[in-house]
Amino acid sequence: MVIKLQSEPINAGEEINTFLASNSNSGGVATFVGQVRDFQEQGAGESTCVSALELEHYPGMTEKELERISAEAQKRWTLDAALVIHRHGRMNPGDAIVLVCAAAAHRGDSFSACEFIMDRLKTQAPFWKREHSSTDSSWVVARERDDARAKRWEKVD
Amino acid sequence: MVIKLQSEPINAGEEINTFLASNSNSGGVATFVGQVRDFQEQGAGESTCVSALELEHYPGMTEKELERISAEAQKRWTLDAALVIHRHGRMNPGDAIVLVCAAAAHRGDSFSACEFIMDRLKTQAPFWKREHSSTDSSWVVARERDDARAKRWEKVD
Amino acid sequence: MSITVLYFAWVKEKVGIGEEQLSPPDNVKTISDFIAWLETQSPGHASAFSDKSQIRIALDQLHVPFDTDIGDAKEIAFFPPVTGGAW
Amino acid sequence: MSITVLYFAWVKEKVGIGEEQLSPPDNVKTISDFIAWLETQSPGHASAFSDKSQIRIALDQLHVPFDTDIGDAKEIAFFPPVTGGAW
């Protein structure tokens with residue numbers, strides 16, 4: 001289980017190849033990459049341009065929280081390895097914000113663990129997003145959909 | 001929607017980076033890599049060594065079947081793009097056999113589409129696996145677990 | 001009627017060839033009829049189809065069940081249940 | 001008792017600082033007590049906590065609810081609900 005928190009760009013493909021090579025005996029590897037989009041939905045089909053994104057986090061707690069989430073995933077599913085890389089600071093549209101990889105003998109375990117880590121991460125990891133447009137900058141409001149997605153996993157506790 | 005069938009090795013990380021770059025405005029990209037393991041479970045904790053794997057396929061139908069599966073995924077979920085790369089012929093332990101990528105605005109769509117494509121592929125795409133050990137070579141028998149996994153998706157039809 | 005018949009994996013090994021062009025008699029309507037007729041063609045064919053629970057069929061490159069009418073299909077393929085990676 | 005208090009995102013902007021060392025009075029037991037006392041410290045604090053439905057708390061870097069006893073915790077953090085990428 002590896003957790004990396006970095007302000008440098010994430011090279012998703014390179015990280016995935018390294019992860020695959022160190023887990024070459026895991027039948028299945030599920031991964032997820034979250035990217036910065038260049039627009040923000042405003043509801044009713046409206047959207048505004050995003051020129052940059054800034055991710056503030058809680059140094060110390062962020063790492064602990066990502067470790068707790070990964071450990072919980074390893075408890076729930078049979079995993080060979082898990083990797084979470086999260087970026088913080090300022091980033092541009094198209095940049096990878098987060099990369100999650102889960103290696104397992106069976107694909108069901110790798111998919112579930114990867115999706116679980118993402119859902120938990122979105123509601124538990126202490127990150128706060130500020131979006132910059134050409135004219136404005138504002139904190140993004142949390143969405144209820146994310147809470148709902150995270151709650152799905154509580155049933156299996 | 002891109003389908004590639006090849007006998008050459010798959011460079012998963014490179015393919016994923018290309019896919020990410022061409023879908024930089026998709027918030028989430030879920031991917032799955034299936035790898036050749038160097039052992040085969042024999043039940044009761046037993047396993048035998050696999051020195052190489054040979055994947056026979058049905059040229060013409062394989063491409064059509066992969067396209068049908070991807071098209072069905074695009075009908076069921078809101079996807080920006082999907083990519084399926086499958087290898088055939090002889091490969092070695094640690095090699096990637098299959099890579100599936102699904103890009104979507106929302107991660108739920110990308111995860112479900114990716115898992116659906118994998119489940120369908122395992123039971124519908126005309127591939128037959130022959131495993132070579134140092135002493136032996138034999139056709140692998142299909143598993144009921146795969147049928148069960150594929151059947152889960154029929155409920156949502 | 002003439003139809004291209006394809007065999008894959010161990011079905012191919014048992015039949016002894018991967019592809020043949022065949023013209024079954026007129027009373028062959030469904031795939032089950034076709035298999036019954038195929039089994040009379042050679043000991044290899046008979047052996048390939050001895051356990052039908054292990055046989056899958058594609059008609060013009062689409063998965064179909066045994067009771068499907070062959071109609072004017074151009075290609076029929078017989079193979080074991082498909083198998084991918086171990087994941 | 002002295003405790004490190006951290007603020008993040010717009011909570012930090014409203015309070016005006018990201019970190020302070022505070023010693024609340026003895027009658028402050030729970031986090032709710034602590035917030036009530038904090039609100040009396042400055043107009044910035046009062047404004048930061050005006051809508052408690054938008055406040056989340058970590059005590060010694062663990063998420064906790066408002067009615068948690070502070071006990072001998074060393075660090076308390078106040079922040080908005082967390083937000084990640086748009087996916």
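Numbers restart at 1 for each chain; the letters A, B, ... are given by sequence-line order, proteins then strands.
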Measure E13(D) against the heavy atoms of chain A and call it side chain, backbone, both or neither at under 4.5 Å. side chain
To the nearest 0.5 Å, how far apart are CZ in F8(D) and CZ in F127(A)? 11.5 Å
With a 4.5 angstrom heavy-atom cut-off, could you sort out which part of L62(D) is near chain A: side chain, backbone, both or neither? both
Can you name the residues of residues 58-70 of chain A that have some heavy atom under 4.5 Å away from a heavy atom in chain D? Y58(A), P59(A), G60(A), M61(A), K64(A), E65(A), R68(A)
Between the side chain of W128(A) and the main-chain N/O of F79(D), is any donor-acceptor distance below 3.5 Å? no
For T83(D) and V141(A), indicate whether the former's side chain and the latter's backbone hold a donor-acceptor pair under 3.5 Å. no
How would you list all residue pairs meeting salt bridge (Lys or Arg N to Asp or Glu O under 4.0 Å) that involve residues 16-40 of chain D, not counting sequence neighbours? E39(D)-K52(D)
Without placing hydrogens or testing angles, list every side-chain donor-acceptor pair under 3.5 Å for residues 5-20 of chain A, not counting sequence neighbours.
{"unit_1": "Q6(A)", "atom_1": "NE2", "unit_2": "E8(A)", "atom_2": "O", "d": "3.0"}
{"unit_1": "Q6(A)", "atom_1": "NE2", "unit_2": "P9(A)", "atom_2": "O", "d": "3.0"}
{"unit_1": "N11(A)", "atom_1": "OD1", "unit_2": "G13(A)", "atom_2": "N", "d": "3.4"}
{"unit_1": "N11(A)", "atom_1": "OD1", "unit_2": "E14(A)", "atom_2": "N", "d": "3.1"}
{"unit_1": "N11(A)", "atom_1": "OD1", "unit_2": "N17(B)", "atom_2": "ND2", "d": "2.9"}
{"unit_1": "N11(A)", "atom_1": "ND2", "unit_2": "E14(A)", "atom_2": "OE2", "d": "3.4"}
{"unit_1": "E15(A)", "atom_1": "OE1", "unit_2": "K4(A)", "atom_2": "NZ", "d": "3.2"}
{"unit_1": "E15(A)", "atom_1": "OE2", "unit_2": "K4(A)", "atom_2": "NZ", "d": "3.3"}
{"unit_1": "N17(A)", "atom_1": "OD1", "unit_2": "G13(B)", "atom_2": "N", "d": "2.8"}
{"unit_1": "N17(A)", "atom_1": "ND2", "unit_2": "N11(B)", "atom_2": "OD1", "d": "2.9"}
{"unit_1": "T18(A)", "atom_1": "OG1", "unit_2": "E14(A)", "atom_2": "O", "d": "2.9"}

Side-chain donor-acceptor pairs of residues 88-105 of chain A under 3.5 Å, sequence neighbours excluded:
{"unit_1": "D95(A)", "atom_1": "OD2", "unit_2": "R87(A)", "atom_2": "NH1", "d": "2.9"}
{"unit_1": "D95(A)", "atom_1": "OD2", "unit_2": "N92(A)", "atom_2": "N", "d": "3.0"}

